[in-house]
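Below you'll find the structure, written out as structure tokens, and then a few comments.
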Amino acid sequence: MADSAAEARIDQSLVARVLLGNDRRAFEQLVRRYQGMVRAQLRRLLHGDEAAADDLAQEAFLLAWRKLDQFRGEAKFSTWLYRIAYSCFLQSYRKRPSSAGDVDEEEVEKLPEPSHAVNLQLDFERALQQLSAAEQTVLLHCVQLGLSHEEAAFVLAMPLGTVKTHATRGKAKLKTWLAAWNETATEERTS
Amino acid sequence: MSHQHDDAIEVLLRKQFDGPVPNEGFSERVMQRLPPRRRRMAWPLWAGVVVGMAACWLSLSSAPLLHVGWRDLMGGELSAPAITLLLAIAGMSLLASWWSVTEADDR
């Protein structure tokens with residue numbers, strides 16, 4: 001908690017240095033502090049397309065530079081950046097023709113029978129891909145990026161209740177799948 | 001049981017996330033593409049202030065209360081119009097101070 005408050009103060013002072021003194025070095029520090037997580041966020045959103053994710057991350061930081069005077073410190077700087085990055089992702093996503101990444105919510109039912117021989121991590125990755133785009137996005141922000149439900153709602157511009165629903169539903173689907181995987185693994189071990 | 005499953009799923013989700021991407025020259029590339037910062041233009045604000053004051057003066061110049069209040073104030077007499085005028089000035093000063101403090105906080 002104290003660490004988070006100290007981090008927020010550092011961010012605020014760096015932002016103030018940019019705004020009041022036009023200090024590019026202060027902005028560079030902000031980029032260095034958050035580029036890793038913003039790029040990781042975009043890589044997940046773009047299903048591992050590193051080049052496209054880096055292009056969008058660059059676009060997001062340039063937008064943050066232009067709009068820095070709109071950062072009022074109501075959210076954490078990182079959360080504000082995630083929101084910009086997510087908007088950039090949405091804009092590029094809307095420009096693209098519909099991709100195979102969109103998966104019907106019912107498709108999770110059609111997952112192939114999990115096999116003990118297959119690595120759990122690989123199976124889990126595949127199961128994750130079967131979740132709806134909204135569920136994947138919410139789980140990415142809430143669990144993997146470590147945002148609270150409120151922060152995720154801000155980043156994704158979604159009502160808080162919708163975020164909670166997607167998180168619960170996504171976990172429930174994974175839970176069902178994981179239980180099936182455990183049963184198969186136990187059966188294989190005992191036979 | 002359910003809580004345990006939730007925990008297991010969260011652990012798997014975190015494991016499956018690669019974490020922050022190493023910089024590898026990314027920040028330098030961003031900094032090279034950074035355009036010069038445009039300063040916010042101040043003249044529209046000051047033009048608005050001047051126009052507002054002029055409009056205020058024009059609309060109040062014909063009001064007898066202002067003249068009487070000002071005359072009494074200058075004569076050192078605390079009449080009702082003078083007190084009204086003083087209260088109006090104090091109120092506007094308070095509003096301006098509150099606005100300045102809020103703006104300073106936001107920065």
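In what follows, chains carry the letters A, B, and so on, assigned in the order in which the sequence lines appear, proteins first and then strands, with residues in each chain numbered from 1.
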What are the two closest non-hydrogen atoms of B/Arg14 and A/Val143, and how far apart are they?
-> NE-O, 3.6 Å
Are B/Val11 and A/Leu131 co-members of a hydrophobic cluster defined by side-chain heavy atoms under 4.5 Å apart?
-> no
Could you check B/Val30 against A/Gln35 for side-chain contact (heavy atoms from CB on, under 4.5 Å), going step by step and ending with a plain yes or no?
-> CA-CA 10 Å; B/Val30 171; A/Gln35 61 82 26; over 6 Å; no
Would you mind checking which part of A/Ala172 comes under 4.5 Å of any heavy atom in chain B, side chain (CB onward), backbone (N, CA, C, O), both or neither?
-> neither
Contact part of B/Pro22 toward chain A, heavy-atom cut-off under 4.5 Å: side chain, backbone, both or neither?
-> backbone
Check: B/Pro35 and A/Leu62 side chains under 4.5 Å, non-hydrogen atoms | yes
Side chain of A/Arg43, backbone of B/Asp18: donor and acceptor closer than 3.5 Å?
-> no
Would A/Phe154 end up clustered with A/Leu160 when hydrophobic side chains under 4.5 Å apart are linked, directly or stepwise?
-> no
Give, for atom CD of A/Gln58 and atom CZ of B/Arg29, the distance between the pair rounded to the nearest 0.5 Å.
-> 6.5 Å
Region of A/Arg44 that comes under 4.5 Å of a non-hydrogen atom in chain B | side chain
Atom OH of A/Tyr34 and atom OG of B/Ser27: how far apart are they, to the nearest 0.5 Å?
-> 13.0 Å
Using modelled atom types only, decide if a donor and an acceptor are shared between the side chain of A/Gln144 and the backbone of B/Leu13 within a distance under 3.5 Å.
-> yes
Here the pair of heavy atoms bringing B/Met31 nearest to A/Arg24 is CE-O, 3.2 Å
What are the two closest non-hydrogen atoms of B/Val21 and A/Ala40, and how far apart are they?
-> CG2-N, 3.7 Å
Can A/Leu90 be reached from A/Leu45 by stepping across I, L, V, M, F, W or Y side chains whose heavy atoms are under 4.5 Å apart?
-> yes
For the residue pair B/Phe26 and A/Ala57, what are the closest heavy atoms and their distance?
-> CZ-CB, 3.6 Å
B/Met53 atom CE, over 12 foreign heavy atoms within 6.0 Å = no
Smallest heavy-atom separation, A/Arg39 atom then B/Asn23 atom, equals NH1-O, 3.2 Å
A/Phe61 and B/Leu34, any side-chain heavy atoms less than 4.5 Å apart = no
same_hphob_cluster(B/Ile89, B/Trp57) at 4.5 Å side-chain heavy-atom cutoff = yes
So what's closer than 4.5 Å to chain B heavy atoms on A/Val38: side chain, backbone, both or neither?
-> neither
Distance col, row B/Phe17:CZ vs A/Leu145:CG, nearest 0.5 angstrom, shows 4.5 Å
If two hydrophobic side chains count as joined below 4.5 Å and joins carry through other members, does B/Val68 share a cluster with B/Leu87?
-> no
